[in-house]
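Okay, structure first, notes after.
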Amino acid sequence: MTTLSVPISGDLEKFIERMVLDGKGANKADVVRRALREYEENEALENILQSEKEFAQGKCLRGDLRELMKKFK
């Protein structure tokens with residue numbers, strides 16, 4: 001595991017400390033790790049929803065995969 005030092009505002013530090021006190025994480029580092037994982041999950045979900053939207057709009061590739069690949073070479 002790598003350690004990363006990031007300066008944060010006093011308000012963010014108070015928020016993180018409150019999250020620890022509320023049991024949202026074992027310590028400050030745990031709260032930040034959980035927040036980053038949630039951010040990553042939200043980003044993945046946004047990508048899925050965008051793909052579904054594009055698919056519904058007909059913005060997708062259809063057909064034989066080998067034939068489609070030839071078009072991109």
Side-chain angles (χ1 to χ4, degrees):
M1 186 179 302
T2 301
T3 300
L4 180 64
S5 177
V6 179
I8 59 172
S9 68
D11 290 342
L12 277 178
E13 184 174 13
K14 288 177 187 174
F15 174 75
I16 293 168
E17 289 170 353
R18 192 171 67 243
M19 297 293 284
V20 173
L21 291 173
D22 290 346
K24 305 289 182 175
N27 52 47
K28 292 178 186 179
D30 188 43
V31 169
V32 173
R33 282 191 295 269
R34 287 172 182 250
L36 289 171
R37 275 190 226 103
E38 185 173 333
Y39 186 88
E40 181 181 36
E41 290 170 4
N42 287 340
E43 189 174 88
L45 180 58
E46 286 179 26
N47 288 335
I48 291 168
L49 293 174
Q50 181 63 32
S51 294
E52 287 178 343
K53 181 180 174 183
E54 290 174 5
F55 183 80
Q57 294 172 343
K59 297 178 181 177
C60 57
L61 299 174
R62 296 176 188 264
D64 181 82
L65 182 58
R66 288 185 180 90
E67 292 300 316
L68 290 170
M69 287 174 52
K70 289 178 186 176
K71 293 180 181 181
F72 292 102
K73 288 185 178 183

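Because the structure is a prediction, the values reported are computed rather than measured.
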Just verifying a value: how many Å separate [X] [atom1] and [Y] [atom2], rounded to the nearest 0.5 Å?
{"X": "Ile48", "Y": "Glu46", "atom1": "CD1", "atom2": "CD", "answer": "11.0 Å"}
{"X": "Leu45", "Y": "Glu38", "atom1": "CG", "atom2": "CD", "answer": "11.0 Å"}
{"X": "Leu68", "Y": "Phe72", "atom1": "CG", "atom2": "CZ", "answer": "7.0 Å"}

Any luck finding a side-chain donor-acceptor pair between Gln50 and Glu54 under 3.5 Å?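 The answer is yes; a qualifying pair exists.
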Does the side chain of Lys59 come within less than 4.5 Å of Lys53's, by heavy atoms?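 In short, these two side chains do not touch, never coming nearer than 4.5 Å.
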Flag side-chain contact, heavy atom, 4.5 Å: Ile16 against Ile8: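 A side-chain contact exists here, since the closest heavy-atom pair is under 4.5 Å.
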Honestly curious: do Val31 and Leu36 fall in one hydrophobic cluster under the side-chain, below-4.5 Å linking rule?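 Yes, it is one cluster - the side chains of Val31 and Leu36 are joined through contacts under 4.5 Å.
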Quick one: list whatever passes side chain to side chain donor-acceptor pair (under 3.5 Å) with Glu67, sequence neighbours left out.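 Side chain to side chain donor-acceptor pair (under 3.5 Å) check on Glu67 returns Lys70.
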Check side chain to side chain donor-acceptor pair (under 3.5 Å) between Asn27 and all other residues, then give those that pass, not counting sequence neighbours.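 Listed in chain order: nothing, the list is empty.
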Hydrophobic side-chain clustering at under 4.5 Å (ILVMFWY, transitive links): who's grouped with Tyr39? Put none if nobody.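 Members other than Tyr39 - counting any ILVMFWY side chain reachable under 4.5 Å - there are none.
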To check you understand the geometry: which heavy-atom pair defines the closest contact between Lys24 and Arg34, and what is its length?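 The pair with the smallest heavy-atom distance is O-CD, 3.2 Å.
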Is it true that atom CD of Gln57 has more than 12 heavy atoms of other residues, nucleotides or ligands lying nearer than 6.0 Å?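 For Gln57, atom CD is crowded (more than 12 foreign heavy atoms under 6.0 Å).
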